[in-house]
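Comments concern the structure below.
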Amino acid sequence: MDPSRPPRAAEGSPRGGSDAGLRAQAQAWTPGQKLEYLRTRNVGDCTRCKLAKTRTNIVFGVGDPNARVMFIGEAPGADEDRRGEPFVGAAGRRLTQWIERLGMKREQVYIANVLKCRPPGNRDPAAEEIEKCSPFLRAQVRAIRPAVIVALGRYAGMLLIGTDQDLKLAQMRNRRFTYDDAGAGLQIPLHVTYHPSYVIRREGDSRRVSETRPTTR
């Protein structure tokens, strides 16, 4: 077997890559190969939390494995659950606009979520779900090793900052943090901003208020 290629699921290598020989082999893999192994072997058909019973598709991540910028949201929505891809539909179009304003294309960044499965009704992620799913996100960051991380929304921000405090988004925006993974030797600049869905909802609320406000002559 080519030592530069990650083993496929059918080849029977141990889940989670705990074997020392596999870890040594993985050091020669490209970021794309590491992500492939993580998706097929570690995540697999995950049933670690109750979201497995209600999801349609696992929403792993998409983009350039060698990306310098990584965008991380909170959880998939209905469109993402249906297609198995993060940030599609209206929120995805808005994120694409933001990326293009930075002078990049969507294909040049990597996009993922804290949770890989949609919470029913698009509710907030539960603590148990974050605990079960966040190791996969951290493994994605270790594989990609981006130069900058942008957290989209409050839950993504709090997880990546590494705080137990229940922070408001206003307390995290317009500040520079560091994503710290000492085990992987990573200290990555981290910025927290609004989730595109929140911005779209706020714009809709403002538009409705404007349309119902009485005019003066």
Side-chain angles (χ1 to χ4, degrees), residues 31-32 35 39 55-119 121-125 130 133-134 136-138 140-141 143-161 167-179 188-213:
L35 291 172
R39 173 64 187 94
R55 71 169 183 245
T56 302
N57 288 296
I58 290 176
V59 183
F60 180 70
V62 68
D64 184 357
N66 298 291
R68 290 183 54 78
V69 182
M70 186 171 181
F71 290 86
I72 299 174
E74 299 177 343
D79 291 329
E80 290 79 9
D81 177 59
R82 189 162 44 248
R83 290 179 50 178
E85 181 179 337
F87 285 92
V88 296
R93 290 190 293 273
R94 181 57 58 93
L95 178 58
T96 299
Q97 291 174 359
W98 292 356
I99 293 169
E100 291 174 348
R101 289 175 188 170
L102 296 174
M104 297 181 292
K105 296 181 179 179
R106 184 180 171 108
E107 295 77 17
Q108 295 176 297
V109 305
Y110 195 89
I111 305 170
N113 282 305
V114 174
L115 299 188
K116 308 306 182 194
C117 299
R118 180 199 181 200
N122 291 352
R123 61 162 171 75
D124 291 336
I130 294 173
C133 212
S134 60
F136 299 133
L137 174 64
R138 296 190 187 282
Q140 286 174 295
V141 176
I144 297 166
R145 305 179 78 88
V148 177
I149 294 174
V150 180
L152 303 168
R154 188 167 71 94
Y155 285 90
M158 289 189 296
L159 173 70
L160 296 169
I161 290 170
L167 299 178
K168 302 295 185 183
L169 191 60
Q171 297 173 277
M172 295 182 281
R173 287 189 67 244
N174 300 320
R175 294 179 57 189
R176 175 168 170 162
F177 296 96
T178 299
Y179 174 79
I188 302 172
L190 167 66
H191 301 273
V192 185
T193 190
Y194 294 116
H195 193 286
S197 293
Y198 172 82
V199 174
I200 292 170
R201 287 196 301 271
R202 286 290 300 270
E203 290 175 348
D205 292 343
S206 298
R207 189 176 302 112
R208 284 190 291 272
V209 169
S210 176
E211 290 172 350
T212 58
R213 182 177 297 142

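Put simply, the side chain of Val199 reaches to within 4.5 Å of the side chain of Trp98, judged on heavy atoms.
No donor-acceptor distance shorter than 3.5 angstrom exists from the side chain of Glu74 to the backbone of Asp124, with no hydrogens or angles considered. In this structure, the side chain of Gln108 does not engage the main chain of Ile99 through any donor-acceptor pair within 3.5 Å. For Glu80 (side chain) and Gly77 (main-chain N/O), a donor-acceptor pair under 3.5 Å exists by modelled atom type. A donor-acceptor distance shorter than 3.5 angstrom exists from the side chain of Arg154 to the backbone of Leu167, with no hydrogens or angles considered. The closest donor-acceptor contact from the side chain of Asp81 to the backbone of Arg55 lies at 3.5 Å or more, if one exists at all. The backbone N or O of Val59 sits nowhere less than 3.5 Å from a side-chain atom of Asn57 that would complete a donor-acceptor pair.
Within a 6.0 Å radius of CZ in Arg173, more than 12 heavy atoms belonging to other residues, nucleotides or ligands are found.
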Checklist entry - Yes or no on side chain to side chain contact (heavy atoms under 4.5 Å, CB included) for Leu152 and Thr193, after CA distance, side-chain angles and deciding distance? => result CA-CA 5 Å; Leu152 303 168; Thr193 190; 3.7 Å; yes
Item to check | Tyr110 vs Gln140, side chain to side chain contact (heavy atoms under 4.5 Å, CB included): CA-CA, chis, key distance, verdict | outcome: CA-CA 10 Å; Tyr110 195 89; Gln140 286 174 295; 3.5 Å; yes
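Salt bridge status for Arg83 with Glu85: present, with a side-chain N to carboxylate O gap under 4.0 Å.
The line from CZ of Phe87 to OG1 of Thr96 is 10.0 Å long, rounded to the nearest 0.5 Å.
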